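Here you go, one structure.
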Amino acid sequence: MTHPRRRLVIVVRADPVICGHSGEARNLAEVALTRGFDDVRLLTWPIPTLKAAGLPLKPLDRLLPYSAGITVERPEAVGDYRVPDGRHQAGLTGRLVELLAEPVPTTCLSMYLAPHTAVVVDAVAAARAAGFAPDVHTVAKAVGSDVTNVIRSCLRDGRFGAATVLFTTFLANDEVVAVSEYTREEIVASAELVDAQCGTTFADQCRRRVTVSYPPIDSAAFLDLDPADVDAALARRGLERDGYILFLSRVTRAKGIDDLLAAFGRMRCRSRVKLVVAGTGPMLEQVRAKARDDDGVVFLTDVDDEEKPLLMRGCAAYALPTKPEPDFVETFGIALAEKMLAGGGPIVTTATGGTLEAVGDTAVIVEPGDIPGLAAAVDRVVLDMSATERHDLELRARTRAMSFDRAVVFDGLFPREAPAVEVA
């Protein structure tokens, strides 16, 4: 039996989930094929399970294919109705044990601590206990909602035992990584709270061990866009260049969609531009209802990965007025970096969480929740900003965003071994 020479396994919520980190997994997988990995696997969830969870999903008939050499596996649940939860996690863990049993040097990357890092840690422990002696190196990446949703909810509810499990699982990996410096700081701060309650030493371990690896982006998908393709995409949607403000993200309160809708109602520029809300999410129907009498608001719920950069390129401004919520804080802002690569109108956003790590000084910044300030900022961008200033912001933004190119990020996360030096 012929085995691969080198394998990368990424355990993640992959496509069709609308999530920047499913894009991260795709981009890392594609680069891995150019870096000596001849077998790349994404272990993820069955599509019916994703649908049942209520996650926002891309149109299934328009998912971009993966390159040959990348296999997406969706193991079925283990057990039946008498195991009310954990059956799908058992399927993922079991499949990873089978891969680790093969004599293939393997790197395992998990994204989201709960439950994907637990899948990796449990599978490695089981494979070793069974005597398979896997040649495996594990990397756990905390992607933001691990802290803002899972760990914070444990601390808020006084469930320090659950927080302890998360930290021990995270630190059991060979390498531990955060998606941004903001996320790293939040991990350490949360660890300090657990230490104070439990007498543990997680904070010191996290300070020493956690590094930062920003989200990898396929810059080629956003650069050098054909103007004819942009115009055609806009025409299909009944839009014109510089004729709309774009909100392209999950439709949730934490992304500031309610603030943006309220601000649009008082903008001077609304006589010249529409507001395009591109995305799905838990607030979609509520936002639709609020905007039902405003013909200046357009909803697009079926934007795919090919259309996204074209819409970004053609807009007069891109607005993401994200704000901190108990269950979510923007820990980087992948869509911001994608927009920086695509060009088009300036970005208007907030200094929430890790957004400044993405945009630096290349965006117009407003205070989170400041509806009058948001309206004024968008008006300035659309009506008053000179062509020279807009062009300068576009060029500087693109230059900054190139540091998030997927090849650059991959090589930082998985440095290649230095060639052996011959001794004379």
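Bear in mind the structure is a predicted one, so any value in this text is a computation, not a measurement.
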Practice task
Could you check if a side-chain atom of Ile10 sits within less than 4.5 angstrom of a side-chain atom of Leu28, using non-hydrogen atoms only?
Solution key: yes

Practice task
With sequence neighbours left out, write down each residue that passes side chain to side chain donor-acceptor pair (under 3.5 Å) with Arg95, or none if nothing qualifies.
Solution key: Glu73, Glu98

Exercise for the section: Assess whether atom CG of Asp224 is packed by more than 12 heavy atoms of other residues, nucleotides or ligands within 6.0 Å. Expected result: no

Handout entry: Test item: Glu30 side-chain N/O and Ser67 main-chain N/O as donor-acceptor pair under 3.5 Å
Key = yes

Practice task
Please say whether the positively charged group of Arg250, taken as NZ for Lys or CZ for Arg, lies over the ring of Phe328, i.e. under 6.0 angstrom from the six-membered ring centre and within 45 degrees of the axis.
Solution key: yes

Practice task
Could you check if a side-chain atom of Leu99 sits within less than 4.5 angstrom of a side-chain atom of Thr106, using non-hydrogen atoms only?
Solution key: no

Problem - Heavy atoms of other groups near Arg207 CZ, more than 12 under 6.0 Å - result: yes

Exercise for the section: Quick one: list whatever passes side-chain contact (heavy atoms from CB on, under 4.5 Å) with Ser386, sequence neighbours left out. Expected result: Thr388, Glu389

Practice task
Taking atom CD of Glu367 as the centre, report whether more than 12 heavy atoms of other residues, nucleotides or ligands fall under 6.0 Å from it.
Solution key: no

Handout entry: Smallest separation among heavy atoms of Glu192 and Ala203, with atom names
Key = CG-CB, 3.5 Å

Exercise for the section: Could you verify whether a donor N or O on one side chain and an acceptor N or O on the other, from Ser180 and Thr183, lie under 3.5 Å apart? Expected result: yes

Practice task
Establish, from distance only, whether the side-chain atoms of Thr201 and Gln205 form a donor-acceptor pair under 3.5 Å.
Solution key: yes

Fill in the blank from the handout: Taken in chain and number order and not counting sequence neighbours, the residues that satisfy ring-ring contact (aromatic ring centres under 6.0 Å, His included) with Tyr66 are none

Handout entry: For Ser213 against Lys141, the heavy-atom pair lying closest together
Key = O-NZ, 2.9 Å

Problem - Nearest atoms (heavy-atom pairs only) where Phe247 meets Lys255 - result: CE1-O, 3.6 Å

Practice task
State which residues pass side chain to side chain donor-acceptor pair (under 3.5 Å) with Thr71; sequence neighbours excluded, sorted by chain then number.
Solution key: none

Problem - Val17 and Leu57, any side-chain heavy atoms less than 4.5 Å apart - result: yes

Exercise for the section: Please work out whether the ring planes of Phe167 and Phe202 are parallel, tilted or perpendicular, with thresholds of 30° and 60°. Expected result: parallel

Exercise for the section: Indicate whether the side chain of Glu330 and that of Thr355 have a donor and an acceptor atom separated by less than 3.5 Å. Expected result: no

Problem - Over 12 foreign heavy atoms within 6.0 Å of CZ, Arg288 - result: yes

Practice task
Answer with yes or no whether the side chains of Glu357 and Tyr214 bring together a donor and an acceptor at under 3.5 Å.
Solution key: yes

Exercise for the section: Name all residues meeting the ring-ring contact (aromatic ring centres under 6.0 Å, His included) criterion together with Phe414; count only those two or more places apart in sequence or in a different chain, and write none if there are none. Expected result: Phe410

Exercise for the section: With sequence neighbours left out, write down each residue that passes side chain to side chain donor-acceptor pair (under 3.5 Å) with Asp174, or none if nothing qualifies. Expected result: Thr138

